[in-house]
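For reference, the structure discussed in these notes is given below.
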Amino acid sequence: MAPTIDNEHKGELAELKTDLYDPKRTKKALKKMALHASLAGCGGVPNVSVLLPDVMHCLESNDVELKKAAYLFFSALAATNGDAVTMAFNRIVRDVSDPNPLLRAIALRTLTSIRVENMAQGMVEPVRVGLHDADPFVRKTAALSVAKVFDLSPEVVESGNLLAEVTGLLDDANPHVIANAAAALNEVRQRAPFSVLEIKMPTATKILAALNECTQWNQVSLLDTLIAFTPSSERDAVTILERVVPRLNHSNASVVMSAIKLMLYHTSFLRSPEAKRSFAAKMAQPLCTLMSLPADVQWTCLRNLKIILQKYPNVLQTADVKTFFCKYNDPTFVKAEKIDIMIALATPENVHQILSELKEYCHDVDGEIARKAMQAVSVCAINFECCVDYCIKIVLGVIQDKVPLVLQEAVVAVQTVFRRYPDRYESIISEVCSSLEEVSEPGAKAAIIWIIGEYSDRIEAAEEILEIFFESYKDEESQVQLALLTALSKLYLNVESDTSVDMLQQLLAQTNESVDDPDVRERALFYWRLLAGDLDVAREVVLAPKPPIESGDIVEGMGEEVERILSKRIAFVSSVLFKRPSDFVTYKNLYACGKDFMDMGELETRTPVGAAEENGNGAHEVEEKAAAAAAAAAKTPEPPMVDLLGDLMSLEVSPAPPVSTHPQVPTEVPVFPSDFSSTPPLAATKDIFSSPVMQAFPDASFPAPSQGLAQGFDEPSPQAFAPKPSQSNNPFFD
């Protein structure tokens, strides 16, 4: 494709072209052109690709600095316009064999920067030659070039067997070559749908020896590579752990986190509990030291620490919890993570100390932190019975202060305490009800309604309090509406007063007329059916004792599989987001190419595409799990097909009855009355049904069900659901 003519910058381009042929100004012109090429996508800069033929003559020079400047321009141009650089491809390939190792390395780096997929096959041989070059600088450049070519075309790298040759560089005598080979393999492991790397103990020993001679970022690459090493014995695991322990004292947080990740992985191979505790104690202090770093680094470390504590709870067993107390100048995002870590480290011995700190946070000027602290107080109350009284004292103090934001969480905390310890702290209900006017959020409203409904037999003014929420029922969130339906049902079953009956009738009628949420309508229909039957059965259902509430994991919603994957990806983006890589990286981006990956059959060890998340680790483990799952699926018979519609409507699906030739008088037996007011006479209804609901609901506006419901849910009459949906007699289905 011919370069576009840039008429706007014609004068500047002419000046640059003149400078290219002036030996004194060539280098300066090339550097300026490289800058323009880097900014090509920003607009307002000249299109220097038109000068590419004029730059070619610079490659014929013997001046090393001039060639470096020319390659700098090619690299910058290749990043934004790879097609334009293809005309220089063969000339760059020729420089890969230059006697000067510096030029060989620069030429190889520039060659693999050309992002044109059709050229990938031509890069294989120059890269292969570079991997076996006598100069270590060329070898380490060639190692990184393999990862760049894999980005461009994975199948070309696999068919050229370049991965095996890069793996061989892990046994190189130069530590920098080993580090670059490790970095390249780490990059490929995250994209390849097969196991890229299998490390043996001699190779692991060489990698450990190279740690002391590499830069800090190369150390991170080497430590990440050692995750692929599976020790064959406990002695090998101890050797790895002892060699990695000095990395815990490094000043770079990334090195420390990579070392901890590696140690946690290899600690699982130890059999001795004393050895495990010993290495865990060595990791505790470095993790605490990370809290003295800048706020952004602290936050990243705290996010990773939550994953570590969830999978390895005893890592910080010897750490002082005060290390994670919030400082006055900590930003909000760091304080929130520290509060989570404090709860994770809470024990019966230090929980009162943590609660004293959380009490101060509950009065913080930052509303978000105050709410977070109140949530943490409720978690402590759930986990430690010894501190419930202190937690109640903190909650009551917040309620009395009537700070709006924290008050909402305090009401929810009271509900949590009542669910965990029922029938123990009823004396504080009056304090909670005194703040009824300040409760404004749906969650807090639902919590206080639940409390009133649960203890409606002990609250004298329960009907009056619920009537406050009854007035704004139509405008409330579904969470509040559901809670009010349940609370009024409990109130009726506990008290059985005329007022509760009237309120429940009105609420059900209002739900039918003005509520569109299907969940709320379904709940109302459920209670209507339940209360229309035996009240003793209704009490067993509605007033049944609930199981005590328990606190969740440190990171909610993280399954064991995700936890296992993220524990091997400490200090990666996925560990900060608490997501698997495939959850936020698309399939094509996972391979960094514009088409699907094609396995050319060159590698023997393969795993499914999903195994790419394993970082190349545990390939055999994944294969064994897949084989076991397939065998289990073969043994397990397929379940029969279920008629979901018949199950939902509690109907028995049977063949249609034969059509009669004699005319019949249509008989409509309604399931539920179409209008609460148009009902059969109350006396007649009492004669038909002896259900206690008739004594509880004397008003004809809430009648008992007719024949269709009286026959039971399992075998309804054929006429029960005969009307079409638009003509249904059921008010909650209309």
Side-chain angles (χ1 to χ4, degrees), residues 58-75 78 85-86 88-116 119-154 156-189 196-197 199 202-203 206-207 209-211 213-215 217-219 221-222 225 602:
C58 298
L59 298 179
E60 305 300 332
S61 173
N62 294 325
D63 189 347
V64 176
E65 294 298 325
L66 183 60
K67 281 193 173 184
K68 287 174 59 178
Y71 282 129
L72 178 64
F73 167 71
F74 285 137
S75 298
V85 190
T86 54
F89 187 88
N90 292 331
R91 183 62 187 83
I92 299 174
V93 169
R94 193 170 64 185
D95 274 351
V96 173
S97 304
D98 194 274
N100 190 330
L102 179 61
L103 287 179
R104 293 201 300 271
I106 296 177
L108 190 58
R109 182 177 62 190
T110 305
L111 183 71
T112 52
S113 298
I114 301 175
R115 310 296 298 171
V116 179
M119 298 294 180
Q121 189 64 48
M123 300 177 187
V124 173
E125 285 306 317
V127 171
R128 193 194 312 278
V129 172
L131 291 173
H132 298 280
D133 197 279
D135 192 275
F137 183 72
V138 180
R139 292 200 302 275
K140 75 174 189 176
T141 304
L144 294 179
S145 298
V146 172
K148 292 161 69 175
V149 178
F150 189 89
D151 261 1
L152 187 62
S153 180
V156 168
V157 173
E158 186 182 2
S159 61
N161 200 29
L162 293 180
L163 294 179
E165 299 191 22
V166 176
T167 304
L169 291 182
L170 294 176
D171 296 321
D172 198 275
N174 190 290
H176 299 289
V177 175
I178 297 175
N180 279 28
L185 291 170
N186 290 337
E187 192 72 20
V188 173
R189 276 196 305 161
V196 172
L197 183 61
I199 299 179
T203 303
K206 285 197 172 185
I207 294 176
L211 280 173
E213 304 179 36
C214 293
T215 63
W217 299 113
N218 281 341
Q219 290 181 34
S221 299
L222 293 173
T225 304
E602 297 293 331

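Here the OG-CG distance, from S221 to L185, works out to 10.5 Å after rounding to the nearest 0.5 Å. The line from OG of S145 to CG of L152 is 12.0 Å long, rounded to the nearest 0.5 Å. For the atom pair M123 CE and I114 CD1, the distance stands at 5.5 Å (nearest 0.5 Å). The distance from the NZ atom of K148 to the CZ atom of R115 is 8.5 Å, given to the nearest 0.5 Å. Atom CG of residue L131 and atom OG1 of residue T141 lie 10.5 Å apart, to the nearest 0.5 angstrom. The distance from the CZ atom of R109 to the CD1 atom of I92 is 12.0 Å, given to the nearest 0.5 Å.
Shortest non-hydrogen contact noted between P136 and V177 is O-CG2, 3.4 Å. Closest heavy-atom contact between S153 and A120: CB-CB, 3.8 Å. Considering every non-hydrogen atom in both L102 and F137, the closest pair reads CD1-CE2, 3.9 Å. Contact between F89 and L111 at its shortest, heavy atoms only, is CE1-CD1, 3.3 Å. G160 and V124 get closest at one heavy-atom pair: CA-CG1, 4.3 Å. The two atoms that bring V188 and A147 nearest to each other are CG2-CA, 4.3 Å, heavy atoms only.
Salt bridge absent: R104 and D135 never bring a charged side-chain N and a carboxylate O closer than 4.0 Å.
Residues I199 and I207 have side chains in contact (heavy-atom distance under 4.5 Å, counting atoms from C-beta outward). Side-chain contact between V127 and E165: absent, with no pair of heavy atoms (C-beta onward) separated by less than 4.5 Å. Using a 4.5 Å heavy-atom threshold, the side chains of L170 and L197 count as touching.
Looking at residues two or more places apart in sequence or on another chain, you find a salt bridge (charged side-chain N to carboxylate O under 4.0 Å, His left out) between D95 and K67, R91. For the side-chain hydrogen bond (donor to acceptor under 3.5 Å, both in side chains) test, residues two or more places apart in sequence or in another chain that qualify with R94 are E60. Applying the side-chain hydrogen bond (donor to acceptor under 3.5 Å, both in side chains) rule to E125 yields the partners R128; only residues at least two apart in sequence or on another chain are considered. With sequence neighbours left out, T203 forms a side-chain hydrogen bond (donor to acceptor under 3.5 Å, both in side chains) with D171. Under the side chain to side chain contact (heavy atoms under 4.5 Å, CB included) criterion, A210 pairs with P175, I178, C214, L222, not counting sequence neighbours. Legend: residues meeting side-chain hydrogen bond (donor to acceptor under 3.5 Å, both in side chains) with T215, ordered by chain and number and at least two apart, are N218.
Side-chain atoms of T112 come within 3.5 Å of backbone atoms of L108 as a donor-acceptor pair (strictly under, hydrogens ignored). Side-chain atoms of R139 come within 3.5 Å of backbone N or O of A134 as a donor-acceptor pair.
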As a quick check of understanding, evaluate side chain to side chain contact (heavy atoms under 4.5 Å, CB included) for N174 and K140, giving each step before the final call.
CA-CA 9 Å; N174 190 290; K140 75 174 189 176; over 6 Å; no
